[in-house]
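To start, the structure itself, in structure tokens.
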Amino acid sequence: MNELEQEYTAGFTTKVESELTGKGLNETTVRLISAKNNEPEWLLEFRLDALNKLSSMTEPDWAELKYTRPDYDNIYYHSRPKKQFNSIDEVPQEILDDFEKLGIPLHERAKLAGVAVDAVFDSVSIGTTYKDKLAEEGIIFCSFNEAVQHHPDLVKQYVGSVVPKGDNWFACINSAVFSDGSFVYIPEGKRCPLELSTYFRINSAGSGQFERTLIIADKDSYVSYLEGCTAPQRDENQLHAAVVELVALDRAEIKYSTVQNWYPGNEHGVGGVYNFVTKRAQCRGVKSRVSWTQVETGSAITWKYPSCVLQGEGSTGEFYSVAVTKGHQQADTGTKMIHIGANTRSKIISKGISIGKSTMTYRGLVRVAPTAKNSRNYTQCDSLMIGNDSTSNTVPYTECRNDSSQIEHEATTGRVSEEELYYLATRGLDAEQAASTIVNGFCRSVLNTLPLEFAAEANKLLSVTMEGSIG
Amino acid sequence: MLKITNLSASIGNKEILKNVNIELEAGNCLLVTGQNGAGKSTLLHAIMGRPDINITGEISLAANKLHSMECHERARAGVFLAHQAPPTIDGVNTMTLLNEINKVHDMPYTRSELIAEASEKFLNMQLPNDWKKRAFNSGASGGERKKNELVQSQLFKKKTKLLLLDEPDSGLEQSSRQKIIELIEETCIAGGSVLLVTHDKELQAKYSNNKLDLSNA
């Protein structure tokens, strides 16, 4: 907790010759991506159908976000290192060094113990560790493109089944031009013995990242999954529009954790990643369980609502979130819990912290359908503002359509006063220690839900600086 | 020793203290008096280094030039202020905060010693049973907040070279007066100095042989 990350330390650029193709959001680009990935016809059709749907859709404008719309025709939709490689041994040293600098060693000899990693560099997955060990258990953990080649039936059955192509503008773009991502299948009755993790990095200038993640937990299985993200420091905005689909069958459990640290832009609000992400889980099976935990500290713009559709009887959805904005960052984030099955449960714990001139909005929906008899939701939504120029909004929607269910909502809003900071200073804490103490205390209940391996990283990220934010 | 030379203090455009001079030998207590608005609290906060108070003049404590140090540095140099109206700090557990304070004061206690000492002192002050687990001053009455200040003053007195007591008795029952006297005596015996602001007649009487009246400052 003493280490302070005042500056963005993941902002370096890797010098690797990249092949940028697919400029502009059109059929040529879609066909090009599909051909590069050597995709079957049905997947090309999936993409083209999404592109077609997009023509009748508009970019959403209801979020509390102010930004210049990306120029979709000026983005390269596919970027990959020029040299192709078939195994980690062929990956250029520069890229391996890059991941190593970020604390993600990919070499067999230096692999992280207990964590299997899929590393996605711009548009392609460059390697997955522990793949063989997992395969022995019947667990599939590979890049999305590999899954399309080797497990097409599973992909075909589930892709787009949780987040339909035309779900929203950004999901629709992703469905048309997604490049790579991770694929996980846990067979019936298996407990995944390792933490699975995907590490995303946008490197090339002028490109976007549109990855797609699909996780299927078959009956009575369990998996814990973590994603991490960084990007180089650039003056222009980079677009990241991902789709994550989770499917939990009978009594299966998925824990999905995110530590998001995309480049947030500089102190004047120039540059930074636009993070428009659609994440949704479907608890299809009886007593299935999904929990989302997110620690969001990066990105210039965050638009993200990891959701749970609680279909199976007795299924449970949880959402634990810590989101911190500082400088000129803007975040509009929250969750949706859709109760359909009877006896379903959901829990939402959201902690939003805004510092400097930043804006933080919690937006949540809890919907209990007439069929969801005896269901329960508990929502606790707290926001904390530090300094006088930051803004915080809370927009909770609740709809309960039967009279046997209960929805509970608690919310608090507070501003750290100069009086509190002075008090801590009189006890010998400097501004950073004071902020860390307050922020950590505020977030503790969420941080406790993170997998142990990543709690330290999250703590480090949260060691925010107060410099220039008090006034 | 504490040496204050030609200290003037203002908040915004309002001048509150003018040309205050103090020389206080180590091991002594100085009673600060004056009518309301004379600047008694402002003097303590000026010594502590509250950021919105502008000062001219010099404040030194032994070899430390306090006037050129930031508030948290003054605290680490041994200035301890027991606040008149301490704030609530939501979300921050009382014991967690004491632990942070212990750390920045170079760990006078191990973690377990700190927990034991703090628990005993909270109990002794008749603070609620769950006090150390609560958020700092959360839901606390004025009197409980003052007790919390006294406990901290006692806990860290080994590290205190200058104790600033801003109406430590207000909101407390009569029986607590003895604890304040003990705190002052112990601090002085250990070689620290004390500045006391109080409206309590008995405390005033007890320390009236060494006093500074700000009414004319």
Side-chain angles (χ1 to χ4, degrees), chain A residues 1-4 322 324 349-353 380-388 392 410-448 459 462-464 466-471, chain B residues 44-53 69-108 133-138 145 148-149 151-153 155-156 159-160 162-164 166:
Chain A
M1 278 312 311
N2 297 323
E3 203 170 324
L4 284 162
V322 168
V324 184
I349 309 280
S350 164
K351 305 276 181 176
I353 299 153
Q380 187 190 333
C381 176
D382 299 325
S383 47
L384 186 70
M385 290 167 279
I386 299 179
N388 291 323
S392 161
E410 287 178 29
T412 64
T413 300
R415 197 181 280 280
V416 175
S417 64
E418 287 178 37
E419 195 193 351
E420 287 166 66
L421 294 170
Y422 170 56
Y423 185 88
L424 295 175
T426 67
R427 293 293 176 261
L429 276 65
D430 65 26
E432 280 83 5
Q433 288 164 332
S436 289
T437 304
I438 291 174
V439 166
N440 271 285
F442 181 72
C443 303
R444 191 165 303 273
S445 60
V446 171
L447 294 180
N448 287 346
N459 268 325
L462 284 174
S463 309
V464 291
M466 299 288 292
E467 215 165 287
S469 62
I470 307 296
Chain B
L44 301 193
H45 286 296
I47 296 169
M48 190 72 243
R50 201 172 81 193
D52 62 324
I53 300 177
M69 291 160 75
E70 294 209 40
C71 177
H72 71 272
E73 295 168 334
R74 299 185 199 193
R76 290 179 196 183
V79 182
F80 194 100
L81 171 64
H83 291 248
Q84 187 190 346
T88 300
I89 303 177
D90 278 322
V92 180
N93 175 291
T94 303
M95 208 57 231
T96 305
L97 181 54
L98 291 183
N99 200 42
E100 292 298 317
I101 298 170
N102 191 43
K103 272 195 246 169
V104 298
H105 284 91
D106 303 323
M107 305 281 280
K133 291 181 192 157
R134 284 196 201 175
F136 194 79
N137 283 338
S138 167
R145 285 164 201 259
N148 199 1
E149 294 299 288
V151 169
Q152 293 176 70
S153 310
L155 273 176
F156 298 104
K159 291 281 175 178
T160 303
L162 175 62
L163 178 62
L164 307 171
D166 197 354

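Hydrogens, waters and symmetry mates play no part in the numbers below; they use all other heavy atoms, side chains included. Quick caveat: nothing in here was measured; it's all calculated off a predicted structure. Throughout, a chain's letter reflects where its sequence line sits, starting with A, and its residues are numbered from 1.
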Picking from B/P87, B/A85, B/A75, which has the most non-hydrogen pairs under 4.5 angstrom with chain A? B/P87
Chain A contact via B/L164 - side chain, backbone, both or neither, heavy atoms under 4.5 Å: neither
I need the minimum non-hydrogen distance between A/I353 and A/C443, along with the two atoms involved. CD1-SG, 3.5 Å
Quick check on B/A77 against chain A: is it the side chain, the backbone, both or neither that has a heavy atom closer than 4.5 Å? neither
Using the side chain to side chain contact (heavy atoms under 4.5 Å, CB included) rule, take B/F80 and B/L162 through it: C-alpha gap first, then chi angles, then the decisive distance, then the call. CA-CA 6 Å; B/F80 194 100; B/L162 175 62; over 6 Å; no
Could you tell me which portion of B/F156 (side chain, backbone, both or neither) has an atom closer than 4.5 angstrom to a non-hydrogen atom of chain A? neither
Which answer fits A/L424, side chain, backbone, both or neither, if we ask what part of it has an atom under 4.5 Å from a heavy atom of chain B? side chain
If you define the side chain from C-beta out and look only at heavy atoms, does anything of A/L421 sit under 4.5 Å from A/I438? yes
Using only distance (under 3.5 Å, no hydrogens or angles), which donor-acceptor pairs connect chain B and chain A?
unit_1	atom_1	unit_2	atom_2	d
A/Y422	OH	B/H45	ND1	2.7
A/Y423	OH	B/E149	OE2	2.4
A/Y423	OH	B/Q152	NE2	3.0
A/T426	OG1	B/H83	NE2	2.9
A/R427	NE	B/Q152	OE1	2.7
A/R427	NH1	B/L81	O	2.9
A/R427	NH2	B/L81	O	3.1
A/R427	NH2	B/E149	OE1	2.7
A/G428	O	B/R76	NE	2.8
A/G428	O	B/R76	NH2	2.9
A/Q433	OE1	B/R76	NH2	2.8

